[in-house]
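Following: one structure in structure tokens, then a few remarks.
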Amino acid sequence: MNYFLVKSEPAKYSWQKFNEDKRTFWDGVRNYQARNSLKDMKKGDLVLFYHSNEDKAVVGIAKVVKEFYQDPTTEDPNWVVVDLEPVESFKKPVTLAEIKADKQLENISLVKQGRLSVMPLKAAEFDRIIAMGND
DNA sequence: GCCAACGTTGGC
DNA sequence: GCCAACGTTGGC
């Protein structure tokens with residue numbers, strides 16, 4: 001089981017919209033590092049959903065329901081998507097400020113490499129954020 | 001709206 | 001294959 005975090009601007013694709021859709025393909029990744037993470041996702045892996053820009057908070061958990069395949073929004077074979085389904089919403093969104101302030105999360109890619117839109121998480125980091133979201 | 005960080009592109 | 005220029009992302 002692997003863990004990841006994906007970012008979305010709420011104005012573009014919000015957690016709420018995702019829950020209304022019940023399922024989505026994660027398109028628009030145009031960065032090789034992020035793409036490699038998409039390729040590492042296996043069915044059943046869990047993915048934190050982060051709102052960038054407006055909320056700057058992790059708002060819920062999704063899971064991988066279909067492994068990577070050609071991005072249907074481009075002809076370029078470099079780019080892939082995965083299918084995700086919402087699992088649950090956090091009781092309380094975990095803000096970037098809280099993550100930055102947490103000792104156990106100081107090395108998380110979200111903080112260290114702010115511009116990356118899809119990133120792997122260590123199990124401990126994933127668990128920690130979940131715990132904070134359910135406080 | 002500014003700017004820092006950083007990935008990508010293209011000239012040499 | 002190096003590196004400067006440029007574009008994009010995202011926090012503030």
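Letters A, B, ... mirror the listed sequences (proteins, then strands); counts begin at 1.
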Extract all donor-acceptor atom pairs below 3.5 Å that involve side chains of residues 108-115 of chain A and protein atoms in other chains or at least two apart in sequence.
from, atom 1, to, atom 2, distance (Å)
Gln113(A), NE2, Gln33(A), OE1, 3.0

All side chain to side chain donor-acceptor pair (under 3.5 Å) counterparts of Lys100(A), not counting sequence neighbours
none
Residues in side chain to side chain donor-acceptor pair (under 3.5 Å) contact with Arg35(A), at least two apart in sequence or another chain
none
How long is the line joining [atom1] of [X] and [atom2] of [N], in whole Å?
X: Ile99(A); N: dG11(C); atom1: CD1; atom2: P; value: 10 Å
X: Leu96(A); N: dG10(C); atom1: CG; atom2: C1'; value: 10 Å
X: Leu110(A); N: dG10(C); atom1: CG; atom2: P; value: 10 Å

Applying ring pair (Phe, Tyr, Trp, His ring centres under 6.0 Å), can you list everything that pairs with Tyr32(A), at least two apart in sequence or on another chain?
Trp79(A)
For nucleotides 2-7 of chain B, read 5' to 3', which letter fits each nucleotide if B means a protein heavy atom sits under 4.0 Å from the base, S means only the sugar-phosphate is that close, and - means neither?
---BBS
Tell me whether the side-chain N/O atoms of Lys12(A) come closer than 4.0 Å to OP1 or OP2 in dT9(C).
no
With a 4.0 Å limit, can you tell me whether Lys7(A) has a side-chain N or O closer than that to the phosphate oxygens OP1/OP2 of dG10(C)?
yes
How far apart are the closest heavy atoms of Phe25(A) and Pro72(A), and which atoms are they?
CE1-CG, 3.7 Å
Those residues that, when tested against Asp55(A), pass salt bridge (Lys or Arg N to Asp or Glu O under 4.0 Å) (two or more places apart):
none
With the threshold set at under 4.0 Å for non-hydrogen atoms, list the residues of residues 48-57 of chain A touching DNA chain B in residue-number order.
none
Output every pair passing side chain to side chain donor-acceptor pair (under 3.5 Å) with a member in residues 80-91 of chain A, not counting sequence neighbours, ordered by first then second residue.
Trp15(A)-Ser89(A), Arg23(A)-Asp83(A), Tyr69(A)-Asp83(A)
Enumerate, atom names and distances included, each donor-acceptor pair closer than 3.5 Å involving a side-chain atom of residues 40-49 of chain A, sequence neighbours excluded.
from, atom 1, to, atom 2, distance (Å)
Asp45(A), OD1, Asn2(A), N, 3.0
Asp45(A), OD2, Lys42(A), N, 2.8

